[in-house]
K.L.:
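Right, I'll just put the structure down here and ask away after.
Numbered from 1 within each chain, the chains take letters A, B, ... in sequence-line order. In this text, all values refer to a predicted model and were calculated from it rather than measured experimentally.
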Amino acid sequence: MSFAENPSEFPVKIDQGKCIADKGCTVCVDVCPLDVLRINPETGKAHMRYDECWYCLPCQLDCPTKAVTVTIPYLLR
Amino acid sequence: MAERLASADAAERRVAVLDLAESADQGAEPLLVGALEDRDAGVRREAAKALAQFDGRPAAEALARTLLDDDASVADAAACSLTEMKSPEAAKPLLALVAHDRAGVRGAAWRGLRNLRVEASLKPALKALADPDARVRREAVGVLAYLKNVATLTALTGAADDENFEVRRAAISALAFASSGQALDPIAKGLSDVHWQVREAAAILAGKIKAAGAAPWLVGALFDEAWQVSGKAALALGEIKAREAIHALGGLLSHPASNLRKDAVTALGEIGHADALPYLEQATMDADPDVRKIASWSIHRILSARAK
Amino acid sequence: MAELDDAADLFEADVLVIGGGTAGPLAAYKAKSANPGLKVVLLEKANVKRSGAIAIGMDGLNNAVVPGFATPEQYVREITIANDGIVYQKAVLAYAMRSFDMIRELDDWGVKFQKDENGDYDVKKVHHLGSYVLPMPEGGGVKKILYRQLRKAQVLISNRYMATRLLKASDGRIAGAVAVNSRTAGVLVIRAKAVILATGAAGRLGLPASGYLWGTYENPTNSGDGYAMAFHAGAELTNLECYQINPLIKDYNGPACAYVGGPFGAYTANSRGARFIECDYWSGQMMLEFRKELEGGNGPVFLKFDHLADETISEVEGILHSVERPSRGLFHEGRGDNYRRDMVEMHISEIGFCSGHSASGVWVDEHARTTVPGLYAAGDMASVPHNYMLGAFVNGAIAGEDAAVAAASTELQSYDPQDVETERARMRRLLDNKDGLPANQVEYKIRRFVNDYLQPPKITRKYEIAQKRFAEIREDLQRIVARDPHELMRALEVHSILDCADMAAAASLFRTESRWGLYHYRVDYPEQDDENWFCHTQLFKDERGAIALKKRPVDPYVVPLESGEKGAYQRLRIPAPV
Ligand SMILES: Cc1cc2nc3c(=O)[nH]c(=O)nc-3n(C[C@H](O)[C@H](O)[C@H](O)COP(=O)(O)OP(=O)(O)OC[C@H]3O[C@@H](n4cnc5c(N)ncnc54)[C@H](O)[C@@H]3O)c2cc1C
Ligand code: SF4
Ligand code: SF4
């Protein structure tokens, strides 16, 4: 399928320095109700894969290293 | 698992603790207790959080020890987990800490003890009402309040005179298990406190225990500078069905704060006496729909009671 | 490109619970504790640890029936009146009778309810008649606590599985369900003796005013799959025209929480800072008043805190910014809004299905049984009105216990393998499409039409246009492209959303009167017509597979309303003085 590459500002940012996904942590990926976070196989760190966020915060609150920052999606801000 | 917990990498140990926490397995408890001794504060904090799910002596002892952790965030996590304990067995290690040198530790121990409601807390808690640290005194009031033992009434009444306003407020609120006569003195004092939240607590207490004897002070409190206090005083007068307050309450119906008019009209309805009818009629024309609604509902109740 | 896992896994269970949000965990837990020998499976689209409406906790119970503050009978009367009399009272009473025991059980598990200084429940009076609000300022950990109980009880949890269709035996009994994994696209067929649906509200029906698909009031994983599954399985759905519409913080689209602010003295005000709402409950009547003010000269509408003391506001903030929708604080901060100074602008939510504030959903009786033998429903998708969180817990428990008994005395039913095949073909097609439509565009279009045509006030002609548009979009469903398992889940959700939109339109057109305030305000039939419409409307699938409707009379009340009681309640709504 042909698909356009549209720019998007992801509401979820993950501090690559703090994230310990490479040590086996998957907490944020596990708890996200919308299932939009993944571990990036290239970096071994978590990242936002789909821009579908309910700004509900389990990812941020449950992250053991406080690596996750959620912002309110631009359209509602 | 033991291997992962012994990894040289702190992050790996932390992930292992998270997995243990998740397992909901009894076998996890000793391992988590062990992790409280980890050299990395992040690992200790995660273990302290996880132990909240194991109610009982071993977890409580380990967490109580952790209250002394050098890292404040670890000690806080332990204090928080201790408040989740329900089993009376958790009391012993906590009681051992209520005289600790550090006020933070004493306070956390009391906070953990409140929910347990063990009689053994009673005497030391009474003593702790004289603790030099206000936060500790406040927690001690909480412990006594949960015990609801009439033997503590005098002490709690004393605490209602504490120099710290949070302690006074807590002590006054704690007296809701007293009989209406026993609490008159603290109600009177509370209503003239310098801090509005203490005066508010005293008015609430009067309503809760239906302290009819407090009516004159409550009428005075209707003119408090804080409308929040006046509102609670009005509601209390409604609870004790103080007919003598009808005209004063009626006077409040022109107050600019609609929340206060609402409390006043509610009280008039509760008193339920025909003398209130003219005021209630007036209130059916109020600008605020809640006030109008309560007024006409009250009129309906008074008239139908009279018809019966 | 993802492949559909062709060797469909087959799993056999005694009780299958679909949806692990609020009602689901209780259903599974109670089924398992009632009979530990049973194999109980809890299937969840997300992860039970943090899923559903209460993912991040709740800040209070809206409908706690606590002795000393209210009686079950009083509660039933008030709910009856709040729903204009159209309720199945037995189910409401069944909830009210167990409400307090449930609070105590949750308390034992570690859920934190507000207590006064002496440790007694601190119930607040928010409504005029009874007191039902029990705050939970520290209610953040509810899901973790439930999860722990489920693990202890050894309930089998399957996360990241989306149920898509129910399976039935030839005699009409429930036989199980088909589900697909949102990470692998693996298909799972679960055979079960009893199935409990607890998939929550239909929250992605209307489009939020922000235009952001995921900025819904409800948890967006609640896309209405349960309503669609129940419909396709032949269950009756009731009163779907009684929509959910809520007063929310504008743009943020989360609850402004009058229930939290109320006991502290905050209230909903117009632009002059004055209270205007006559009605007490979150009800259609209240929403009608809300809408009038919003659009009138005194609009818009705000939540007002600025008259409260600084200490009080800090306390309210502490609650509102830490539980339920904790990102509320971030939102206000971003706009530089402060409760001490600024009133919070409010708005009306998009429409949805939910029994939280309206008496709609999959029809259930007092045992949580639907009209399909062996199929249960609980929580926001089931028809017990004004249930909220505690109702979801209690009715989940009722469903679980009844299902455990049913499962012990039934055999696994056989289903038609063709049904599974059809379901797999529906999924395969989406994954196989190389060219076509992205799910989010199809979804956006459906939901925009829902706003354009279905949002009340309801106009017959508009509804007919909507039906035509929906029929056109139905053709497009096949053309959605799913490039991976996640997109497959989204595409299947769009199918449910369209089913719900069709049901909403049909149910609304059927009831030719106005009722429940704004929820069912039909401009062409502005009056309430008790003579013809004092009844439930039941929606179901007819032999041709189309939507059909019929009336169901209201059952005799078990808690009769005293004469004049309804009038007395009406008296609470007095018109403003001229
Ligand atoms: C923002 C907000 C605030 C609220 N505030 C309060 C309050 O203060 N007090 C109160 O009492 N009530 C409140 N409520 C209402 C209360 O939270 C709900 O009534 C209750 O949680 C509903 O429970 P449920 O089990 O029906 O749905 P949910 O808890 O939403 O659970 C449904 C679950 O089903 C899953 N699911 C959906 N589709 C599928 C599928 N196809 N397959 C598998 N799983 C699926 C979902 O992922 C979800 O986990 C609030 C609701 C919201 C949204
Ligand atoms: S929870 Fe935090 S540490 Fe763990 S994977 Fe996510 S971002 Fe990384
Ligand atoms: S805020 Fe919620 S929806 Fe958004 S990524 Fe985090 S957990 Fe997922």
Side-chain angles (χ1 to χ4, degrees), chain B residues 21-26 52-53 55 83-86 114-115 117 141-142 144-148 169-177 195-197 200-201 204-205 208 226-228 231 235 257-260 262-263 266 284-297 299-301 304, chain C residues 49 107-112 115-120 122 125 127-129 138 141 144-145 147-154 262 264-270 272-280 289 293 304 307-312 315 564 567-578:
Chain B
E22 173 114 17
S23 70
D25 188 290
Q26 279 303 325
Q53 58 181 297
D55 190 10
T83 63
E84 304 284 332
M85 303 278 143
K86 302 235 155 157
R114 186 173 71 169
N115 244 328
R117 294 185 169 93
V141 167
L144 294 172
Y146 267 48
L147 286 173
K148 293 200 220 176
R169 176 154 90 135
I172 287 179
S173 306
L175 286 165
F177 70 95
H195 202 291
W196 74 270
Q197 286 181 301
E200 186 189 38
I204 294 174
L205 173 65
K208 245 185 172 172
W227 60 263
Q228 290 89 339
L235 293 174
S258 65
N259 281 358
L260 177 53
K262 186 174 156 183
D263 291 336
T266 304
T284 59
M285 308 293 282
D286 197 282
D288 187 292
D290 267 0
V291 176
R292 298 198 295 274
K293 206 161 23 177
I294 299 167
S296 64
W297 176 247
I299 293 173
H300 166 74
R301 274 182 21 190
S304 46
Chain C
K49 257 191 282 180
D107 193 333
D108 270 351
W109 291 350
V111 177
K112 294 204 174 94
K115 307 219 170 130
D116 63 15
E117 189 65 26
N118 299 113
D120 298 318
D122 195 7
K125 193 175 177 82
H127 310 302
H128 280 104
L129 303 172
E138 299 169 82
K144 297 211 159 157
I145 291 166
Y147 185 70
R148 201 185 297 156
Q149 293 298 331
L150 290 168
R151 295 293 295 247
K152 278 193 199 153
Q154 297 185 321
F264 289 101
Y267 54 82
T268 312
N270 59 24
R272 292 184 304 172
R275 209 184 323 249
F276 63 89
I277 288 178
E278 307 270 347
C279 177
D280 244 344
E289 290 162 14
E293 203 77 2
K304 183 171 156 46
H307 56 295
L308 302 178
D310 202 43
E311 296 91 331
T312 313
E315 205 174 326
Y569 190 84
Q570 295 296 344
R571 222 183 321 267
L572 290 180
R573 304 179 186 156
I574 329 132
V578 267

K.L.:
Side chain, backbone, both or neither: which part of C/K144 has an atom under 4.5 Å from a heavy atom of chain B?
P.N.:
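For C/K144, no heavy atom lies under 4.5 Å from chain B.
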K.L.:
What distance separates C/E117 CD from B/R169 CZ, expressed to the nearest 0.5 Å?
P.N.:
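Taking CD in C/E117 and CZ in B/R169, the distance rounds to 9.0 Å.
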K.L.:
At a 4.5 Å cut-off on heavy atoms, which part of C/D107 comes close to chain B: side chain, backbone, both, or neither?
P.N.:
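Answer is both: backbone and side chain atoms of C/D107 are under 4.5 Å from chain B.
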K.L.:
Using a strict cut-off of less than 4.0 Å between a Lys/Arg side-chain nitrogen and an Asp/Glu carboxylate oxygen, indicate whether C/D116 and B/K208 qualify as a salt bridge.
P.N.:
yes
K.L.:
What residue, out of B/A170, B/A257, B/S23, has the most heavy-atom pairs lying under 4.5 Å from chain C?
P.N.:
B/A170
K.L.:
For a quick test of reading the model, state the closest non-hydrogen atom pair linking C/K112 to B/T83 and the distance between them.
P.N.:
NZ-OG1, 4.4 Å
K.L.:
Judged by modelled atom types alone, do C/Y147 and B/E22 share a side-chain donor-acceptor pair under 3.5 Å?
P.N.:
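There is such a pair (donor and acceptor under 3.5 Å, judged by atom type) between the side chains of C/Y147 and B/E22.
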K.L.:
Looking at C/H307 and B/W227, what are the two nearest heavy atoms and their distance?
P.N.:
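The answer is O-CZ2, 3.5 Å.
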K.L.:
Quick one: closest heavy-atom pair of C/N118 and B/A174, and the distance?
P.N.:
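That closest heavy-atom pairing would be ND2-O, 2.8 Å.
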K.L.:
Let me confirm one number: the CD-CD distance from C/E311 to B/E200, rounded to the nearest 0.5 Å.
P.N.:
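Separation between the atoms: 9.5 Å.
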K.L.:
Closest heavy-atom contact between B/W196 and C/T312?
P.N.:
CH2-OG1, 3.5 Å
K.L.:
Roughly how far apart are C/R275 CZ and B/D286 CG, rounded to 0.5 Å?
P.N.:
9.5 Å
K.L.:
Output the distance between atom CZ (C/F276) and atom CG (B/D290), rounded to the nearest 0.5 Å.
P.N.:
11.5 Å
K.L.:
Side chain, backbone, both or neither: which part of B/Q228 has an atom under 4.5 Å from a heavy atom of chain C?
P.N.:
side chain
K.L.:
Please round to the nearest 0.5 Å and tell me the distance separating atom CG of B/N259 and atom NZ of C/K304.
P.N.:
9.0 Å
K.L.:
Go through the atoms of B/R301 and report whether side chain, backbone, both or neither lie under 4.5 Å from a heavy atom of chain C.
P.N.:
neither
K.L.:
Do you know which of C/K49, C/R148, C/K152 has the most heavy-atom pairs under 4.5 Å to chain B?
P.N.:
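Top option by heavy-atom pairs under 4.5 Å: C/R148.
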K.L.:
Between CG of B/D25 and CZ of C/R151, what distance do you get to the nearest 0.5 Å?
P.N.:
9.0 Å
